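Just so it is clear, the values below take in all heavy atoms, side chains as well, and ignore hydrogens, waters and symmetry mates. Predicted model, so just to flag it, every value in this text is computed and none were measured.
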Amino acid sequence: MTQHASPPRDSTGKVQSADGPPAWRGLMAHADVRTLSLLGVLAALIVIGGITKPDEFLDTRNLQLVLTQASVIGVVTVGMTFVIISGGIDLSVGAIVALASVWATTVATQEYGFAGILFTAVIVGVGCGLVNGMLIAYGAMVPFIATLAMLASARGLALQITDGKTQIVTIPSVLDLGERDAYVLGIPPLVMVFAVVTIIGWLVLNRTTFGRRSVAVGGNAEAARLAGIDVRRQRLYLYLLSGLCCGIAAFLLIILSGSGQNTNGNLYELDAIAAAIIGGTLLTGGRGTIVGSVLGVLIFTTITNIFALNNLQSDVQQIAKGAIIVAAVLVQRRTASTT
């Protein structure tokens, strides 16, 4: 007598469809847990800040400052998230921001006004991303080595351009964007740019073929190649995207500081990688979220602000950041082992 296997049932006892539960539901469940966890951490930090320094931390100007500071590194982190999802790494983002900011604030560039500064910052960022992408995708260089070389080269060139001096911006239309009069409904222009970049990044990652290809390359490059994806071209595009984000961030930093310095973007690569990691992006590639990375940026920026308001030493702040990164990686490993 032939026995028929009973249809699969879910936790409530209902019969599942023949195709079984969609795989994306499990991924969404894990993503929701991570997002809620990050929101919980951010909420806890806000409570701590409100308790320790209620008048200063909860002041509207301070909250605007936190969001403004998060905007620059946040834009860099969006690009970094794409690179890490694809299984790569970019150690040069901070140096690219520095180079773009000083190149865009030279006297020759400022003669072309607002458009000249913006165009130069973006094109320098994209150009550096192109060099990284070509070395990695078509030169078969390890991303760590290629971007490390770019880090050293871009820092050196930035120092050579400035001769170690600060380049002051004299274009009123650029400086005015950093003033409170430019705020729209209390929102600084830099924050609005960050929001737009975040939304576009989310849409590209989750709603386009480019995003799906990036995840596929990070998950299994060989399988992606056999599926018809041009892996080398995809990697080139990803580093171009990272360079573009660095160029935009450089322009935001110019607005924020009113100058260009060869020390700009110091340790941005570490902050961006750390934010992406605690946001749920796997260093091995194949998984990551823009929302998680943005929350990671906000968490780190809030920690920095709380420590500054409470006059705590920077070394303690770095220890706290390190502990958060370790905890995030441990959570990732635990999550991965249960999927």
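For Thr60, the side chain to side chain contact (heavy atoms under 4.5 Å, CB included) criterion is met by Gln64, not counting sequence neighbours. Every residue was checked against the side chain to side chain contact (heavy atoms under 4.5 Å, CB included) condition with Ser153, not counting sequence neighbours, and none meets it. Leu58 meets the side chain to side chain contact (heavy atoms under 4.5 Å, CB included) test with no other residue; sequence neighbours excluded. Every residue two or more places apart in sequence or in another chain that forms a side chain to side chain contact (heavy atoms under 4.5 Å, CB included) with Cys245 is listed here: Val75, Leu241. Take Tyr268 and apply the ring pair (Phe, Tyr, Trp, His ring centres under 6.0 Å) test, not counting sequence neighbours, and it matches no residue.
Tracing side-chain contacts under 4.5 Å through hydrophobic residues (I, L, V, M, F, W, Y), one never reaches Val66 starting from Val297; they form parts of separate clusters. When the side chains of ILVMFWY residues are joined at heavy-atom separations under 4.5 Å, either directly or via intervening members, Leu45 and Phe307 end up in a single hydrophobic cluster. One hydrophobic cluster, built from ILVMFWY side chains closer than 4.5 Å, cannot hold both Val102 and Ile254; they sit in different ones. Residue Ile319 is not grouped with residue Ile306 when hydrophobic side chains (ILVMFWY) are merged at heavy-atom distances under 4.5 angstrom, including chains of intermediate members. Leu236 and Ile229 fall into different hydrophobic clusters, where Ile, Leu, Val, Met, Phe, Trp and Tyr residues are linked whenever their side-chain heavy atoms come under 4.5 Å apart, directly or through other members.
Among residues at least two apart or in separate chains, there is no ring pair (Phe, Tyr, Trp, His ring centres under 6.0 Å) pair with a member in residues 164-203. Note on residues 91-141: pairs passing ring pair (Phe, Tyr, Trp, His ring centres under 6.0 Å), not counting sequence neighbours, are Phe114-Phe251. Within the structure, salt bridge (Lys or Arg N to Asp or Glu O under 4.0 Å) contacts touching residues 201-223 (residues at least two apart or in different chains) are Glu222-Arg225.
When every heavy atom of Leu205 is checked against every heavy atom of Thr289, the shortest pair comes out as CD2-CA, 4.4 Å. Annotation for Pro143 and Tyr239: closest pair CB-OH, 3.4 Å, computed over non-hydrogen atoms. In terms of heavy atoms, Thr68 sits closest to Pro188 at OG1-CG, 3.5 Å. When all heavy atoms are compared, the tightest approach of Ala221 to Arg235 is CB-NH2, 3.6 Å. For Asn262 against Arg155, the heavy-atom pair with the smallest separation is O-NH1, 2.7 Å. Residues Ala146 and Ile136 come closest through the heavy atom pair CB-CG1, 3.6 Å.
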Name the atoms and distances for all side-chain donor-acceptor pairs under 3.5 Å in residues 91-99, with sequence neighbours left out.
residue	atom	partner	partner atom	Å
Ser92	OG	Asp90	OD1	2.6
Ser92	OG	Asn132	ND2	3.0

Quiz: residues 157-165 side-chain donor-acceptor pairs under 3.5 angstrom, not counting sequence neighbours:
residue	atom	partner	partner atom	Å
Thr162	OG1	Ala158	O	3.1
Thr162	OG1	Leu159	O	3.4
Thr162	OG1	Gly164	N	3.2

Would you give me the side-chain donor-acceptor pairs under 3.5 Å for residues 79-87, sequence neighbours excluded?
residue	atom	partner	partner atom	Å
Thr81	OG1	Thr77	O	2.7
Thr81	OG1	Ser293	OG	2.8
Ser86	OG	Val83	O	2.6

Should Thr109 and Thr106 be marked as a side-chain contact (heavy atoms from CB on, under 4.5 Å) after you check the CA-CA gap, both sets of side-chain angles, and the distance that decides it? CA-CA 5 Å; Thr109 303; Thr106 60; 2.8 Å; yes

Run the numbers on Thr208 and Leu203 for side-chain contact (heavy atoms from CB on, under 4.5 Å), then give the verdict. CA-CA 7 Å; Thr208 68; Leu203 290 173; 5.7 Å; no

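Applying the 4.5 Å side-chain rule to ILVMFWY residues, one finds Leu267 in the same cluster as Leu270.
Arg180 CZ: more than 12 foreign heavy atoms inside a 6.0 Å radius.
Under the 3.5 Å distance criterion, the side-chain polar atoms of Gln167 are left unmatched by any main-chain donor or acceptor of Ser259. Gln234 contributes a side-chain N or O that, together with a main-chain N or O of Phe210, makes up a donor-acceptor pair within less than 3.5 Å. When atom types are taken as modelled, the side chain of Ser71 and the backbone of Leu67 share a donor-acceptor pair closer than 3.5 angstrom. Under a 3.5 Å cut-off, the side chain of Gln110 and the backbone N or O of Ile168 do form a donor-acceptor pair.
Once rounded to the nearest 0.5 Å, the distance linking OG1 of Thr302 with CD of Gln69 reads 10.0 Å. Interatomic distance, Gln261 CD to Asn266 CG, rounded to the nearest 0.5 Å: 11.0 Å. To the nearest 0.5 Å, atoms CD1 (Ile145) and CD1 (Ile89) are separated by 12.5 Å.
With Ser101 as the partner, the side chain to side chain donor-acceptor pair (under 3.5 Å) test is satisfied by one option alone out of Asn264, Thr263, Thr120: Asn264.
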